[in-house]
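Note sheet for the following structure.
All values derive from a computational prediction rather than experimental measurement. First the proteins, then the strands, lettered A, B, ... as listed; each starts at 1.
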Protein chains: 2
Amino acid sequence: MTDRMESGSLVDFVVDRIEKAILLGDYPAGMKLSEQSLATELGVSRSPLREAFRRLEGKKLVVRRHNAGARVAEHSAKELREVLEIREALESYAARKAAENMSEEEKAALLRLVEQQREYERLGTTVDRNQSPEQDFHLFVIRGSKNDRLSDMLYGDLYYALRVLRYRSSAHAGRSRLAIEEHAVVATAIATGQPEVAEQAMRVHLRRSHENMLNAERTRN
Amino acid sequence: MTDRMESGSLVDFVVDRIEKAILLGDYPAGMKLSEQSLATELGVSRSPLREAFRRLEGKKLVVRRHNAGARVAEHSAKELREVLEIREALESYAARKAAENMSEEEKAALLRLVEQQREYERLGTTVDRNQSPEQDFHLFVIRGSKNDRLSDMLYGDLYYALRVLRYRSSAHAGRSRLAIEEHAVVATAIATGQPEVAEQAMRVHLRRSHENMLNAERTRN
DNA sequence: CCGCCCCTTATTGCATACAAAAATAGAGTT
DNA sequence: AACTCTATTTTTGTATGCAATAAGGGGCGG
């Protein structure tokens, strides 16, 4: 179907492919992933496919049982809560570090970003969920921590975990404006070099956001 | 040599084996891991070995380059700093959660654990590094957070990262007694149900401990 | 009609085989 | 002696093959 990315290995191709399929919901939670059928479907042999499974296992996107094959991982409400707690801990810490480590240029850019968000909100501009200003803000703060491993964790594993848990970033009406003002508080604390305040503000923001997500999850089920 | 664990798969066996070898320093950082020679050495074929590499890659114990094989991961001082920061964020958060979620029995057990540590310290008992009371304390607090995913992260990935970075837990003379008193503060805060205090106390403890480790690393090089 | 056991089939786990890429070594030239 | 280009060899990446384990289905008995 799609050409397997030229430079990379087949394993990379397969991982990417299955990852997307799971996140998009094409492979629903609990679905059996047969090696043979998936291999023929993707046009590869079972060898790279099995190696891909191992990596996806590490990302907790698939679960394997000995002699019983691989399945798309299922996630309980408990797991969602746990992942959100971890995000709260890591990302509020990232805000602290951002306040310590961001350059003056970055601080200015962060303030501009928040201002831009306010603008969008005022104009009622709708942007697509995947590259929303909400995402931009959080990504920017995380990068500002200058901790690459932390960034990897937040935008690697946890990002996927939240996506697979059907995370919808601040999709709730009325939450948007409030969220932006919470961002403003965080940004100001970072820009004025107050790590402690920045951490607290981010934690408040995340806790509210996460509470919303958990409520949404509860009412949906 | 050693019999491959009966119940598990060969991949599990190989992962376990290589993991240990790396952590023990038998496979030094940067060492080339040839598939053929390792396979014959471990008495398996290349298939399970390659799958094992993928998992070890996820644990950041080995690095692979396309068409250039696998090597034991090398870790810079920067990475050590980053990992310790992450640990600070997660484990102080764990202390907060432990204060919220531990049962009365667990709280009592935690206080007893600290008391026991004090006893050992007073008697000058030397215990082996791998199952030290220091480890016990941290493990107990982490488990007390009642967040399995958090426990997995701290005692999965980060644990290995620190081990491979030649972490020696509070091996410094004089640090031991101080560390125990810091533990006592954390334990008291948890036992009396003060999440905020517990988090702060754990953060202080970890920051001091990590500073020691970073200094040790600096002077060693 | 339902449950259980055995047999067939399908699938997984591991080993081997083959092709392509990279490392290595050597001869020739400067 | 160093440098480079090439030929050989080694190593990685992928495909296929085989054995063992688990899933599925049909017949038998209750």
Side-chain angles (χ1 to χ4, degrees), chain A residues 1-22 27-74, chain B residues 1-22 27-74:
Chain A
M1 192 125 314
T2 56
D3 21 354
R4 43 194 82 162
M5 310 169 77
E6 299 312 326
S7 57
S9 66
L10 280 190
V11 176
D12 294 340
F13 164 73
V14 171
V15 166
D16 203 60
R17 199 62 187 284
I18 298 179
E19 206 169 83
K20 281 193 172 70
I22 292 177
Y27 297 165
M31 174 185 177
K32 174 81 186 294
L33 296 174
S34 159
E35 294 182 5
Q36 190 54 57
S37 46
L38 249 183
T40 53
E41 184 184 325
L42 297 178
V44 302
S45 82
R46 288 174 52 217
S47 308
L49 189 72
R50 285 177 60 89
E51 294 184 25
F53 279 173
R54 295 292 180 183
R55 294 232 315 235
L56 293 166
E57 199 182 355
K59 294 186 177 188
K60 297 196 187 283
L61 286 177
V62 315
V63 174
R64 294 171 59 81
R65 271 183 8 206
H66 191 54
N67 282 328
R71 316 187 84 84
V72 177
E74 305 186 82
Chain B
M1 198 115 322
T2 57
D3 22 353
R4 44 193 81 164
M5 311 168 74
E6 298 313 324
S7 57
S9 64
L10 278 191
V11 176
D12 294 340
F13 163 72
V14 171
V15 166
D16 204 59
R17 200 62 186 283
I18 299 179
E19 206 168 82
K20 282 193 172 68
I22 293 177
Y27 298 166
M31 174 185 176
K32 176 79 187 294
L33 296 174
S34 160
E35 294 182 2
Q36 191 54 56
S37 46
L38 248 183
T40 52
E41 184 183 325
L42 297 178
V44 302
S45 82
R46 288 175 51 219
S47 307
L49 189 73
R50 286 178 59 87
E51 293 184 27
F53 279 173
R54 297 291 181 183
R55 295 233 315 237
L56 294 166
E57 199 182 356
K59 294 185 177 188
K60 298 197 188 285
L61 285 178
V62 316
V63 174
R64 294 170 58 82
R65 270 181 12 205
H66 190 54
N67 281 328
R71 303 184 156 287
V72 177
E74 305 186 81

How many whole angstroms separate atom CD of B:Glu35 from atom C1' of D:dT14?
11 Å
Residues which pass side-chain hydrogen bond (donor to acceptor under 3.5 Å, both in side chains) with A:Thr40, listed by chain and number, not counting sequence neighbours
none
Take A:Val11 and B:Arg54, measure what side-chain contact (heavy atoms from CB on, under 4.5 Å) needs, and give me the verdict at the end.
CA-CA 10 Å; A:Val11 176; B:Arg54 297 291 181 183; 3.3 Å; yes
Residue list, salt bridge (charged side-chain N to carboxylate O under 4.0 Å, His left out) with A:Lys20, at least two apart or on another chain:
A:Asp16
Report the distance from atom CG of A:Asp12 to atom C1' of D:dT12, rounded to the nearest whole Å.
14 Å
Reported CG-to-CG distance for the pair A:Leu56 and A:Leu33, which is rounded to 0.5 angstrom:
8.5 Å
From the list D:dT16, C:dC14, D:dT12, which nucleotide is the closest neighbour of the side chain of A:Ser47?
D:dT16
Once you round it to whole Å, what is the distance between P of D:dT12 and CG of A:Leu10?
17 Å
If I take atom CD in residue B:Glu51 and atom P in nucleotide D:dG13, what distance separates them, rounded to the nearest angstrom?
14 Å
N/O to N/O distances under 3.5 Å, protein versus nucleotides 17-23 of chain D:
none

Spacing of B:Leu38 atom CG and B:Leu49 atom CG [to the nearest 0.5 Å]:
5.5 Å
Rounded to the nearest Å, what distance is computed from the CG atom of residue B:Leu42 to the P atom of nucleotide C:dA15?
11 Å
Residue B:Val44, side-chain heavy atoms: nucleotide from C:dA15, C:dT12, D:dT14 that is nearest
C:dA15
Is the distance from OP1 or OP2 of C:dA22 to the nearest side-chain N or O of B:Lys32 less than 4.0 Å?
no
Whole angstrom is fine here: how far is it from CZ in B:Phe13 over to P in C:dA15?
11 Å
Which value, rounded to the nearest 0.5 Å, describes the distance between B:Asp12 atom CG and B:Arg55 atom CZ?
5.0 Å
Walk me through whether B:Phe53 and B:Glu35 qualify under side-chain contact (heavy atoms from CB on, under 4.5 Å).
CA-CA 9 Å; B:Phe53 279 173; B:Glu35 294 182 2; 3.9 Å; yes
Can you name the residues that form a side-chain hydrogen bond (donor to acceptor under 3.5 Å, both in side chains) with A:Lys59, not counting sequence neighbours?
A:Glu19
Among D:dT14, C:dA15, D:dT12, find the nucleotide with the atom closest to the side chain of B:Pro48.
C:dA15
In whole Å, I'd like the distance from the CZ atom of B:Arg64 to the P atom of D:dT11.
15 Å
Length of the CD-P vector between B:Gln36 and D:dT10, whole Å
12 Å
What is the bend of the helix from C:dC1-D:dG30 to C:dT30-D:dA1 when you compare the axis at one end with the axis at the other, using five pairs each and rounding to 10°?
10°
Using a cut-off of less than 4.0 Å, is there contact between a side-chain N or O of A:Arg50 and OP1 or OP2 of C:dT12?
no
Quick test of your reading: applying salt bridge (charged side-chain N to carboxylate O under 4.0 Å, His left out), list the pairs with at least one residue in residues 61-72 of chain B, sequence neighbours left out, ordered by first then second residue.
none
